[in-house]
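Below: one structure, written as structure tokens.
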Amino acid sequence: MPELPEVETLRRQLCEVILGSTVLEAEALDPKLSRWAPHLRGQVVAIRRRGKALEIDLEGSQLLLHLRMTGRLLWGDGVPGAARLALFFPQGVLYLIDPRRFATLSLPKREGTSSGLDPLKGVLPSFLYDRARGRRLPLKAFLMNQRWVAGIGNIYACEILHLAGLSPFRPAGSVSLEEWGRVAEGIETVLKEAIRCRGTTISDWRDLYGLPGEYQKRLRVYGRKDEPCPRCGATVERDVLSGRGTYFCPRCQA
DNA sequence: CCCTATGTTCCCAA
DNA sequence: CTTGGGAACATAGG
């Protein structure tokens with residue numbers, strides 16, 4: 001579920017609640033995660049976001065948490081259904097909830113240059129142009145590949161391309177420098193606005209306190225098949241691209 | 001039963 | 001070796 005805005009929302013809320021606090025005990029409710037429980041102890045020294053993943057520094061260890069499709073973090077309030085992990089703090093309990101059990105814990109790899117840019121730090125059109133040159137994969141698949149820009153998933157890719165007025169099916173290598181400028185602007189506009197809205201709740205995304213986000217009210221095309229395009233009034237279409245539902249306006253996304 | 005789902009990784013063919 | 005597409009992972013809901 002979570003893309004960059006949702007993970008960034010969680011990161012900020014986790015900093016409010018557990019940064020500097022101490023994990024007294026970790027309990028793996030899902031055996032798939034039991035090997036990590038012993039590593040989850042001690043003071044929380046830092047919480048960073050790497051693309052869609054959270055990197056958590058504890059006194060004696062460093063772990064990378066990726067929520068994948070249905071992972072959620074919830075602060076306190078009794079044991080929720082589909083809980084896979086519980087972290088006990090003096091002031092409350094943090095649960096990892098994940099019905100499909102795709103979420104992963106791992107040891108972060110130290111790599112700076114080979115991982116994708118963080119879109120919140122600014123993306124240069126020339127960087128995108130250079131990386132896409134000669135590639136025939138669809139523009140939307142390029143944006144969703146975490147190796148170039150890290151954090152964009154299916155919903156926000158659709159929204160960014162609508163704002164930029166570009167077809168998701170365009171070969172990435174055919175996009176001009178001027179058009180990449182519109183993509184870069186769309187990335188910044190959409191992701192920052194979505195963070196201000198605390199993410200997009202279409203089915204099950206909730207923030208750390210169980211509250212839904214607000215960005216679903218602002219979606220331009222995602223989930224709006226057969227509705228009018230907010231820019232030109234043409235009918236929004238849905239197609240499948242790289243196995244993912246893809247929403248776009250056939251008139252103003254060239 | 002069918003299809004769909006905010007993600008990543010592995011396998012395979014070109 | 002590189003590129004891009006599709007299946008797999010596991011579960012719930014329409």
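Here is the naming used below: chain letters follow the sequence lines, and residue numbers restart at 1 for every chain. Note: hydrogens, waters and symmetry copies are ignored here, and every other heavy atom, side chains too, is used. Just so we're clear, the structure is a prediction, and the values are computed from it rather than from any experiment.
For Asp204(A), there are no salt bridge (charged side-chain N to carboxylate O under 4.0 Å, His left out) partners at least two apart in sequence or on another chain.
Aromatic rings of Tyr156(A) and Tyr222(A) (six-membered ring for Trp) have centroids beyond the 6.0 Å cut-off, not under it. Here Trp180(A) and Phe142(A) bring their ring centres to under 6.0 angstrom of each other. With ring centers used as reference points, Tyr209(A) lies 6.0 Å or more from Trp75(A).
A salt bridge is defined here as a Lys NZ or Arg NE, NH1 or NH2 lying under 4.0 Å from an Asp or Glu carboxylate O, and Glu6(A) with Lys52(A) fails to meet this definition. No salt bridge links Glu185(A) with Arg182(A); every basic N to acidic carboxylate O contact stays at or beyond 4.0 Å. At a threshold of 4.0 Å, the pair Asp118(A)-Arg49(A) counts as salt-bridged, since one of the basic side-chain nitrogens sits closer than that to a carboxylate oxygen.
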Dot-bracket encoding of pairs in DNA chain C, which uses [ ] for pseudoknotted crossings and | for another strand, Watson-Crick or G-U under 3.5 angstrom: .||||||||.||||
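The CG-C1' distance, from Leu241(A) to dG4(C), rounds to 11 Å in whole Å. Between the C1' atom of dT8(B) and the CG atom of Leu65(A) lies a distance of 14 Å, rounded to the nearest Å. One can place CH2 of Trp205(A) at 13 Å from P of dG7(B), the figure rounded to the nearest angstrom. To the nearest angstrom, P of dG7(B) lies 19 Å from CZ of Arg147(A). Rounding to whole angstrom units, CG of residue Leu64(A) and C1' of dG7(B) are separated by 14 Å. Going from atom CD1 of Ile97(A) over to atom C1' of dA10(C) covers 17 Å, rounded to whole Å. Spacing between atom NE2 of His66(A) and atom P of dT6(B) amounts to 14 Å, rounded to whole angstrom units. Note: CZ (Arg244(A)) to P (dT6(B)) measures 4 Å, nearest angstrom.
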Verdict with reasoning, Ser21(A) to Gln91(A), per side chain to side chain donor-acceptor pair (under 3.5 Å): CA-CA 9 Å; Ser21(A) 186; Gln91(A) 73 276 32; 3.1 Å; yes
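The gap from the P atom of dT8(B) to that of dC1(C) amounts to 25 Å, rounded to the nearest Å. Atom C1' of dG4(C) sits at a distance of 23 Å from the matching atom of dT6(B), rounded to the whole Å.
Both Leu63(A) and Leu33(A) belong to a common hydrophobic cluster when Ile, Leu, Val, Met, Phe, Trp and Tyr are linked at side-chain heavy-atom distances under 4.5 angstrom.
Of all the residues in residues 135-143 of chain A, not one reaches under 4.0 Å from DNA chain B with any non-hydrogen atom.
Using a 4.0 Å heavy-atom cutoff across all strands shown, Tyr222(A) reaches sugar-phosphate atoms only and no base atom. In this structure, Gly245(A) reaches the sugar-phosphate backbone alone: every heavy-atom distance under 4.0 Å involves primed, P, OP1 or OP2 atoms, never a base. Among the protein residues, Gly243(A) comes within range of no part of the nucleic acid, since none of its heavy atoms lies under 4.0 Å from any strand.
By the stacking rule of 5.5 Å between ring centres and under 30° between planes, Phe102(A) stacks on the base of dG7(B).
For Arg238(A), whose side chain is taken as the heavy atoms from C-beta onward, the closest listed nucleotide among dT6(B), dA5(B), dA12(C) is dA5(B). In the set dG7(B), dT6(B), dA5(B), dA5(B) carries the atom at the smallest distance from any side-chain atom of Tyr247(A). Taking the side chain of Ser203(A) as heavy atoms from C-beta on, and the options dA10(C), dT8(B), dT6(B), the nearest nucleotide is dT6(B). Here the side chain of Arg100(A) is nearest to one of dA12(C), dA5(B), dT8(B), namely dA5(B). Residue Arg101(A) has its side chain nearest to dT11(C) when only dT8(B), dT11(C), dT6(B) are considered.
Using a 4.5 Å cut-off on side-chain heavy atoms (C-beta onward), Cys158(A) and Lys140(A) make contact.
Side chain of Arg220(A) to main chain of His162(A): no donor-acceptor pair is present (N/O by atom type, distance under 3.5 Å, no hydrogens or angles).
A sub-4.0 Å separation between OP1 or OP2 of dG7(B) and a side-chain N or O of Gln146(A) is absent. Dashed line: the shortest gap from a side-chain N or O of Lys52(A) to OP1 or OP2 of dT8(B) is under 4.0 Å.
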